[in-house]
Amino acid sequence: MVQINNVLVLALCGAILVACVGMLVYILPSLCFFMPFRWEEERYTDGVKWKFLEHKGPVFAPPYDPLPSNVKFYYDGKHMKLSSTAEEVATFFAKMLDHEYTTKEVFRKNFYKDWRKEMTSEEKSKITDLNKCDFSEMSEYFKAQSEARKAMTKEDKQKIKEENERILQEYGFCIMDNHKERIANFRIEPPGLFRGRGDHPKMGMLKRRIRSEDIIVNCSKDSKHPKPPPGTKWKEVRHDNKVTWLVSWTENIQGSIKYIMLNPSSRIKGEKDWQKYETARRLKKCVERIRAQYRDDWKSKEMRIRQRAVALYFIDKLALRAGNEKEEGETADTVGCCSLRVEHLTLHQEMGGQEYVVEFDFLGKDSIRYYNKVPVEKRVFKNLQLFMEDKEPEDDLFDRLNTSILNKHLQELMDGLTAKVFRTYNASITLQQQLNEITNSEDNVPAKILSYNRANRAVAILCNHQRAPPKTFEKSMQNLQTKIDAKKEQLADAKRELKMSKYLAVESKKKAVQRIEEQLMKLEVQATDREENKQIALGTSKLNYLDPRISIAWCKKFGIQIEKIYNKTQREKFAWAIDMAGKDFQF
DNA sequence: ACAACCACTTAGTACCGGTGCA
DNA sequence: TGCACCGGTACTAAGTGGTTGT
């Protein structure tokens with residue numbers, strides 16, 4: 001692929017017109033004949049996303065491969081041959097046997113119920129108790145299979161790799177408006193047992209196999225339409241250029257729609273990403289006005305206005321998510337700002353020498369716990385007392401508010417403003433401020449990168465991006481410490497030698513000491529970084545919340561290679577920004 | 001007004017394969 | 001040469017927010 005730098009004039013959809021910008025663009029030589037420059041293409045209005053779209057359709061999950069006859073299932077201690085359909089579902093369970101959740105009541109109940117639906121009537125009458133089912137031979141068989149896969153010869157592994165590459169080349173790309181673009185997820189999700197996050201009421205349910213007849217294909221009329229597998233038909237072929245997806249189907253657990261879409265490196269995703277940060281930068285210009293407004297609204301005589309103002313304060317100060325309502329019993333019980341309940345807050349008139357402290361404790365997205373003690377203004381505190389008065393723990397804190405009301409209000413304050421823009425804005429501005437504050441131009445490269453990671457970490461903490469500490473964390477910390485100790489010893493040795501050699505090769509020994517000192521420093525920095533990162537995930541904020549131009553400008557300003565901050569995939573995703581941002585870019 | 005639906009972004013985790021070390 | 005480790009990636013669930021229909 002050839003990379004070409006140039007100026008792209010983009011008029012963004014609708015009424016919003018954004019200024020001209022430089023943008024790095026990938027051009028496919030083979031397609032250059034038709035459309036030599038991406039930036040010569042017109043921008044679409046009225047929600048049109050493309051003019052031409054051609055692709056090969058999805059890759060289906062491989063069909064079920066029945067167990068060999070020596071791998072047996074036992075019911076109540078006795079061998080029982082299962083029908084192919086029932087056997088397949090049983091293997092899903094067998095593959096998860098080592099996981100804790102196969103012991104959970106809800107998981108077992110849901111699985112058993114759905115499994116029975118797949119049984120023949122004979123099987124249904126025989127199998128009446130999940131506890132009497134013995135999947136252990138199946139489980140052992142799959143473990144052996146995975147061992148065998150690991151032990152394959154280089155040649156066999158190479159063959160598989162080549163086959164995957166072939167599939168990727170055939171199905172992994174599409175043509176959208178004269179550009180070959182990478183598809184993000186061209187494989188249909190295979191059948192299996194649903195495992196939601198946290199305490200999910202539907203865990204263990206059977207996620208059914210997707211067939212051609214479930215698939216809606218979206219492509220342009222004048223494209224070569226993808227062919228369904230022989231003997232099958234698509235549910236529908238449509239030509240909707242107001243959407244970006246290539247393929248969709250309805251999933252059976254929540255009844256929601258799943259999509260095949262393009263990779264983040266694609267034009268369509270990149271432009272949207274850029275737009276998102278431009279909206280956040282527009283918020284920067286008016287955020288003080290909005291803050292003054294909501295502070296004023298804390299005093300409103302209308303309860304709904306006060307609630308709106310306090311919620312917005314939380315969203316702004318704590319980077320909480322909006323908090324849409326959710327259907328009870330359909331998903332795990334998690335909340336965001338607007339859906340907070342009385343039970344999620346504890347008010348402390350005084351705590352640890354601070355006045356008006358609010359203690360938050362709730363499960364947010366992905367059932368990640370949000371726990372925080374925050375001193376708030378007296379007015380906020382008094383309002384919260386008011387909102388909580390005469391309510392049960394399970395009552396909504398903001399009973400006069402929801403995300404729709406809040407977003408309508410925000411829309412009036414700034415064009416394109418919604419609750420999530422505050423998260424983007426606060427994340428990016430925090431990175432910018434932290435970098436400005438803590439980067440020391442005297443530092444060497446590893447120390448500067450430590451500063452960067454610390455700035456990134458401040459954002460991840462703000463956004464509550466947590467991770468389970470890696471299973472091998474303690475061990476890998478220990479290993480690193482061992483390395484550090486060894487390096488220290490080596491340094492001591494080198495210093496001793498330098499002292500001894502008054503005349504011979506002093507210069508080279510000085511250099512050796514210096515080199516070892518540098519290595520030691522690098523290791524120590526690495527240890528600090530890793531320790532501070534134990535329970536914090538940096539990836540999510542880096543990928544979704546931090547305007548990449550901030551990081552790129554920082555790299556340029558301090559002479560750090562961009563490769564140290566962004567890996568290959570990330571550089572592809574942020575190609576637009578890499579070209580756009582000079583060393584003086586400020587968010 | 002609000003519920004249902006749809007499209008799209010954001011999210012953590014499991015897994016894989018390359019790398020570097022004993 | 002085998003193995004641990006780590007970064008990268010695939011996967012897919014879980015959010016947000018707009019639109020549509022009643």
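Below, read A as the first sequence line, B as the second, and so on, with proteins coming before strands; counting in each chain starts at 1.
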Euclidean distance, atom OH of residue A:Tyr101 to atom P of C:dA13 [Å, nearest integer] =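 Between P of C:dA13 and OH of A:Tyr101: 11 Å.
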Could you tell me whether the phosphate oxygens of [N], OP1 or OP2, come under 4.0 Å of any side-chain nitrogen or oxygen in [X]?
X	N	result
A:Asn567	C:dG8	yes
A:Asn324	C:dG15	no
A:Arg182	C:dA10	yes
A:Thr540	B:dT10	no
A:Thr244	B:dC8	yes
A:Lys365	B:dT9	no
A:Arg423	C:dT16	no
A:Lys276	B:dT10	yes
A:Tyr545	B:dA11	yes
A:His465	B:dA11	yes
A:Lys207	C:dA13	yes
A:Asn407	C:dG17	yes
A:Lys420	B:dT9	no

request  = Looking only at side-chain atoms of A:Ala322, point me to the closest of B:dA7, C:dG17, B:dT9.
outcome  =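 Among B:dA7, C:dG17, B:dT9, the one nearest the side chain of A:Ala322 is C:dG17.
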inquiry  = What's the closest nucleotide to the side chain of A:Arg197 if the choices are C:dC11, C:dA14, B:dA7?
reply    =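 That would be C:dA14.
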request  = Would you state whether a donor and an acceptor, one from the side chain of A:Lys272 and one from the base of B:dT9, lie under 3.5 Å apart?
outcome  =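 A donor-acceptor contact between them is absent.
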DNA chain B: 5'-proximal contact among A:Asn402 and A:Lys161 (nearest heavy atom) =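 Nearest-nucleotide comparison on DNA chain B picks A:Asn402.
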task = On DNA chain B, check which nucleotide each of A:Asp366 and A:Val243 is closest to and give me the residue with the more 5' one.
result =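 On the 5' side of the pair lies A:Val243.
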ask   = Within the structure shown, what part of the strands sits under 4.0 Å from A:Gly539 by heavy-atom distance: base, sugar-phosphate, or nothing?
value =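 Nothing, no heavy atom under 4.0 Å.
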ask   = Is A:Ala332 touching bases, backbone alone, or none of the nucleic acid, heavy atoms closer than 4.0 Å?
value =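 Touches nothing.
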ask   = Salt-bridged, A:Asp395 to A:Arg341, with N to O below 4.0 Å?
value =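 No.
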message = Looking at A:Glu181 and A:Arg267, is any side-chain nitrogen of the basic one under 4.0 Å from a carboxylate oxygen of the acidic one?
response =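 Looking at A:Arg267 and A:Glu181, the cut-off is not met.
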task = Return yes if a side-chain donor-acceptor contact under 3.5 Å exists between A:Ser551 and A:Tyr452, otherwise no.
result =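 A:Tyr452 and A:Ser551 do have a side-chain donor-acceptor pair below 3.5 Å.
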ask   = Around A:Glu163, counting heavy atoms of other residues, nucleotides and ligands shown, do more than 12 lie under 6.0 Å from its CD?
value =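 Enclosed.
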query = Between A:Ala61 and A:Pro191, which heavy-atom pair has the shortest distance, and what is it?
reply =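 Where A:Ala61 meets A:Pro191 most closely, the heavy atoms are CB-CD, 4.1 Å.
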